[in-house]
K.L.:
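One structure follows; several queries about it will come next.
Each chain gets a letter, A, B and so on, in the order the sequences are listed, and its residues count up from 1. Computed over heavy atoms, backbone and side chain alike; hydrogens, waters and symmetry mates excluded.
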2 protein chains.
Amino acid sequence: MATGTPPLTDAAPALRPVARAPLHEAIAERLLSHVVQSDLKVGDRLPGERDLARRLGVSRTTVRQAIVVLQTQGILEVRHGGGTFLRDLDPTSGPLARVVERRHRLPAVLEARRALEIPIAALAAERRTEADLAAIASGLDLMRREVANGDIGLEGDGAFHRAVTEAAHNPVLAELMDRLQEAVAETRGESLSQQGRPPRSLADHEAIAAAVVAGDPDAAADAMRAHLDHVADLRLFEIYPPAQDAQEVPR
Amino acid sequence: MATGTPPLTDAAPALRPVARAPLHEAIAERLLSHVVQSDLKVGDRLPGERDLARRLGVSRTTVRQAIVVLQTQGILEVRHGGGTFLRDLDPTSGPLARVVERRHRLPAVLEARRALEIPIAALAAERRTEADLAAIASGLDLMRREVANGDIGLEGDGAFHRAVTEAAHNPVLAELMDRLQEAVAETRGESLSQQGRPPRSLADHEAIAAAVVAGDPDAAADAMRAHLDHVADLRLFEIYPPAQDAQEVPR
DNA sequence: CATACTGGTCCAGTCAGTAGACCAATCTGA
DNA sequence: TCAGATTGGTCTACTGACTGGACCAGTATG
């Protein structure tokens with residue numbers, strides 16, 4: 001029997017065929033990024049093909065291939081002699097999510113917060129170190145002082161959630177939370193500016209912290225869930241009804 | 001001054017030149033992954049160049065280029081007529097460090113997958129459209145065919161999870177999953193290359209799909225949880241144990 | 001309406017990667 | 001021991017993506 005190499009059922013995932021995307025796909029991706037980053041609106045003109053080719057360090061032919069791709073997807077419109085124009089943005093695809101309208105995004109962000117922060121709270125209860133607990137206490141304290149001053153407690157709220165995230169000791173979850181950060185700040189602002197919300201939120205935080213200190217993952221998860229329910233409850237869903245864009249299948 | 005060319009202040013980061021890595025670099029990376037995943041020891045032999053070329057879907061010339069790279073880095077040793085051997089592997093530094101590091105992140109990645117995909121499954125059960133169900137069925141089918149062919153079903157697995165993510169109709173969660181995509185692919189390969197795993201995974205998928213079709217969010221979440229539990233059941237750290245960094249507080 | 005842009009098309013050339021043949025070293029088993 | 005199979009080493013012809021131009025055809029604009 002072969003000793004060095006694995007036997008017949010030789011599943012070596014690292015040795016599966018490599019796939020290499022053609023260059024124009026990378027260029028198409030870049031063009032989309034450019035559209036989003038430059039905040040181009042429908043009808044706006046893109047730079048000329050020669051300009052794009054020079055800036056992207058690629059031949060004009062390749063740029064054209066990329067444009068054809070985006071054209072067939074209905075995203076760009078090409079006018080001979082006129083230029084290339086933004087025709088439509090498909091909000092369901094990839095990083096373009098940021099152009100999705102706010103009222104559709106808020107519930108989605110809240111769902112994502114629940115998905116990430118409930119497990120984070122549970123993990124934090126399991127893994128927190130002394131330093132983590134100190135950071136959590138400090139975040140709690142900051143919000144306490146802010147609320148006492150009649151402030152809405154944005155800073156303390158942020159510090160607390162960051163400290164809990166750190167305490168989960170999972171760099172991947174932490175990175176995803178970072179990614180959500182911008183949007184989270186938005187929902188946080190919405191929530192905390194509601195009448196009577198900050199003291200309530202503070203109480204929620206104290207419950208979460210208590211469960212984390214006690215090292216009780218289930219209680220921590222429950223407390224975080226309750227907290228996010230309160231955040232989500234409010235009038236958010238009245239103001240911003242969830243997107244009802246596609247037909248669901250009746251159950 | 002040239003007015004035709006864009007001004008220097010025209011910072012469009014998305015339009016910077018694209019860089020494309022040569023194929024043999026990707027191959028070298030793959031070979032390193034293979035070394036780590038297959039738990040090769042110093043002195044062990046790698047598969048022959050012809051075999052590698054066939055499995056990686058690349059020409060022998062390219063494989064040789066990759067081997068030369070790893071040879072000059074002192075990682076591989078090539079013996080004419082004998083084969084290619086692992087010469088030295090220092091997981092604490094050099095190119096292997098990155099591969100090992102990535103591997104150490106896999107448990108964290110799996111936790112993140114649980115956090116995201118369990119709610120995603122539940123949401124998918126609530127919101128799936130006919131088109132979503134078709135995409136899910138198609139992913140299922142692809143994996144069924146792959147497994148029937150004795151393949152480990154990497155493609156089908158990916159297609160299935162992507163389809164479920166789409167069906168959740170939450171662009172934020174979708175983007176976060178996208179962000180994880182590369183790391184998730186690694187957990188996938190790691191899991192599916194275990195003996196007898198692909199058929200089991202397929203059965204898990206069928207359970208998830210059934211719950212989504214039935215529109216039962218709780219069942220879908222449970223099925224996804226069970227599936228990810230199975231996926232997470234790896235023996236990852238026999239070779240390169242991660243560093244134990246911080247003391248947890250006793251509960 | 002002249003000019004200077006725009007996209008549309010074509011073509012010769014470059015170069016990474018492929019496919020296969022063949023040689024040289026080495027391993028293996030009768 | 002030795003023949004045959006298998007390994008790495010080298011070379012060549014070929015393919016195809018991509019390049020870098022030239023040139024044509026629309027369109028905008030003074």
K.L.:
Less than 4.0 angstrom from a charged side-chain N to a carboxylate O is my criterion; do Glu49(B) and Arg54(B) meet it?
P.N.:
no
K.L.:
Does Arg179(A) pair with Glu175(B) as a salt bridge, N-O distance under 4.0 Å?
P.N.:
yes
K.L.:
Look at Thr84(B) and dG8(D) and indicate whether a side-chain polar atom (N or O) is within less than 4.0 Å of OP1 or OP2.
P.N.:
yes
K.L.:
Give a yes or no on whether the backbone of Ala14(A) and the side-chain of Arg55(B) come within a donor-acceptor separation of less than 3.5 Å.
P.N.:
no
K.L.:
If every non-hydrogen atom of Thr165(B) is compared with every non-hydrogen atom of Ile120(B), which pair is closest and at what distance?
P.N.:
CA-CG2, 3.7 Å
K.L.:
Can you measure Phe85(B) atom CZ to dT26(C) atom C1' for me and round it to whole angstrom units?
P.N.:
10 Å
K.L.:
Distance check needed: dG16(D) C1' versus Leu23(B) CG, whole Å only.
P.N.:
14 Å
K.L.:
Is there a donor and acceptor pair, one atom on the side chain of His80(A) and one on the base of dG26(D), closer than 3.5 Å?
P.N.:
no
K.L.:
To the nearest Å, how far apart are Gln65(B) CD and dG17(C) P?
P.N.:
6 Å
K.L.:
Looking across every strand, which nucleic acid part, if any, lies under 4.0 Å from Thr62(B) by heavy atom: base, sugar-phosphate, or nothing?
P.N.:
sugar-phosphate
K.L.:
Does dG17(C) have OP1 or OP2 under 4.0 Å away from a side-chain N or O of Arg20(A)?
P.N.:
yes
K.L.:
Mind calculating the distance between CG (Leu56(B)) and P (dT18(C)) to the nearest angstrom?
P.N.:
11 Å
K.L.:
What's the CZ-C1' distance between Arg79(A) and dA25(D), to the nearest Å?
P.N.:
17 Å
K.L.:
Mind calculating the distance between CG (Leu46(A)) and P (dT6(C)) to the nearest angstrom?
P.N.:
13 Å
K.L.:
Pro22(A) or Gly81(A): which one's nearest nucleotide on DNA chain D is closer to the 5' end?
P.N.:
Pro22(A)
K.L.:
Considering every strand and a 4.0 Å limit on heavy-atom distances, what is the contact class for Arg60(B): base, sugar-phosphate, or nothing?
P.N.:
base
K.L.:
Glu49(B) CD to dC23(C) P: how many Å, rounded?
P.N.:
18 Å
K.L.:
If you pin Gly57(B) and Arg50(B) to their nearest nucleotides in DNA chain C, which one's is more 5'?
P.N.:
Gly57(B)
K.L.:
More than 12 non-hydrogen atoms from neighbouring residues, nucleotides or ligands closer than 6.0 Å to CZ on Arg144(B), yes or no?
P.N.:
yes
K.L.:
In terms of the nearest nucleotide of DNA chain D, which residue is placed more toward the 5' end: Gly48(B) or Thr61(B)?
P.N.:
Gly48(B)
K.L.:
Can you measure Ile27(B) atom CD1 to dA16(C) atom P for me and round it to whole angstrom units?
P.N.:
16 Å
